[in-house]
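Note sheet for the following structure.
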There are 2 protein chains.
Amino acid sequence: MATQISLDDTFAALADPTRRAILARLLDGEASVAELAQPFALTVRAISKHVGVLEQAGLVTRSRAAQKHLSRIELKPLRDIDRWLDDYRKLWEDRFDRMEDLLRRGADKKE
Amino acid sequence: MATQISLDDTFAALADPTRRAILARLLDGEASVAELAQPFALTVRAISKHVGVLEQAGLVTRSRAAQKHLSRIELKPLRDIDRWLDDYRKLWEDRFDRMEDLLRRGADKKE
DNA sequence: TAGTTCTGGAACTAAATGGTTCTATAATGT
DNA sequence: ACATTATAGAACCATTTAGTTCCAGAACTA
């Protein structure tokens, strides 16, 4: 029954670059907190808290295999955001907007 | 030149239900702060601040026509989120995941 | 049994957030 | 010139957030 996650929580969880990086890392498969912490200049505890936030937002589930609690990415909240975007997507899929998009892609090569 | 908006700011701006409601409202066209404030049990000033946050996140631009500063929705940051989702979308577009999706849609009739 | 590893709880801090009220300013209507 | 309307700035407050450090417990390893 998944306790119904709010868009509020999902968006808030994604508003942090560390958490987005963790999520990206989890695309490569499950990982322990220690493993997730490795690339960052942060305490393991800090990462543990970030994973906690992701878990609260339903973006991650954990299975404790021995003392290594493995984190796994969950897609449902992301699909919810995708669906939320639908109303706006309609607008930018207009022919007119598409031209603007092409122009901007050209101009935004940086980043 | 639009000062390059970060995903951080965009996600943070969208993490508030009031701000998402304002954005949805702006799908129907431009509006003044006073107009935007009307549906909410909040001070006009509070709404003004919310619009400020949306503006900072590049989701809204304003044109001051007389004393009515009209807010207008901007789609670019939303398209950026859409593109950010691409990596994850790949996963849930797998045949296997699609089955799970159908099951969940059935189970999530509530909300 | 004793030591090591992995993680979460508790307590703390600094900064950001969402809200308020009150005031100032700028443009419009009379 | 004066009152009205629409908005932003400033100051303030309570709550949340992201981080730290230190400690405790659970599970392997020897």
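Residue numbering restarts at 1 for every chain, and letters A, B, ... go by the order of the sequence lines. Only this structure's heavy atoms are used, side chains among them; waters, hydrogens and symmetry mates stay out.
- Rounded to an integer number of Å, the gap from B:Asp8 CG to D:dA18 C1' is 13 Å.
- Near DNA chain D, meaning a heavy atom under 4.0 Å away, the residues from residues 45-56 of chain B are B:Arg45, B:Ser48, B:Lys49.
- A:Ser71 and A:Val51 get closest at one heavy-atom pair: OG-CG1, 3.6 Å.
- The distance from atom CG of A:Leu70 to atom P of D:dA27 is 15 Å, rounded to the nearest whole Å.
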List, one per line, each side-chain donor-acceptor pair under 3.5 Å for residues 5-19 of chain A, sequence neighbours excluded.
{"from": "A:Ser6", "atom 1": "OG", "to": "A:Asp9", "atom 2": "N", "distance (Å)": "3.1"}
{"from": "A:Ser6", "atom 1": "OG", "to": "A:Asp9", "atom 2": "OD2", "distance (Å)": "3.3"}
{"from": "A:Asp8", "atom 1": "OD1", "to": "B:Arg20", "atom 2": "NH1", "distance (Å)": "3.3"}
{"from": "A:Asp8", "atom 1": "OD1", "to": "B:Arg20", "atom 2": "NH2", "distance (Å)": "2.7"}
{"from": "A:Thr10", "atom 1": "OG1", "to": "A:Ser6", "atom 2": "O", "distance (Å)": "3.2"}
{"from": "A:Asp16", "atom 1": "OD1", "to": "A:Thr18", "atom 2": "N", "distance (Å)": "2.8"}
{"from": "A:Asp16", "atom 1": "OD1", "to": "A:Thr18", "atom 2": "OG1", "distance (Å)": "3.4"}
{"from": "A:Asp16", "atom 1": "OD1", "to": "A:Arg19", "atom 2": "N", "distance (Å)": "3.2"}
{"from": "A:Arg19", "atom 1": "NE", "to": "A:Ala13", "atom 2": "O", "distance (Å)": "2.7"}
{"from": "A:Arg19", "atom 1": "NH1", "to": "A:His50", "atom 2": "ND1", "distance (Å)": "3.1"}
{"from": "A:Arg19", "atom 1": "NH2", "to": "A:Ala12", "atom 2": "O", "distance (Å)": "3.3"}

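- Among residues at least two apart or in separate chains, salt bridge (Lys or Arg N to Asp or Glu O under 4.0 Å) pairs with a member in residues 21-44 of chain A are A:Glu35-A:Lys68.
- Non-hydrogen atoms lying under 4.0 Å from DNA chain D are contributed by B:Ser32, B:Val33, B:Ala34, all within residues 11-43 of chain B.
- Under 4.0 Å is where a charged nitrogen must lie from a carboxylate oxygen, and between A:Asp86 and A:Lys90 no such pair does.
- The NE2 atom of B:His69 sits 10 Å away from the C1' atom of C:dT25 (whole-angstrom rounding).
- In this structure the side chain of B:Asp82 reaches within 4.5 angstrom of the side chain of A:Arg89, judged on heavy atoms.
- Among residues at least two apart or in separate chains, there is no salt bridge (Lys or Arg N to Asp or Glu O under 4.0 Å) pair with a member in residues 36-45 of chain B.
- For residues 46-57 of chain B, the salt bridge (Lys or Arg N to Asp or Glu O under 4.0 Å) pairs, not counting sequence neighbours, are B:Glu55-B:Arg62.
- For the pair B:Tyr88 (side chain) and A:Ala24 (backbone), a donor-acceptor distance under 3.5 Å is present.
- Contact annotation: B:Arg62 side-chain N/O to D:dA6 OP1/OP2 distance is not under 4.0 Å.
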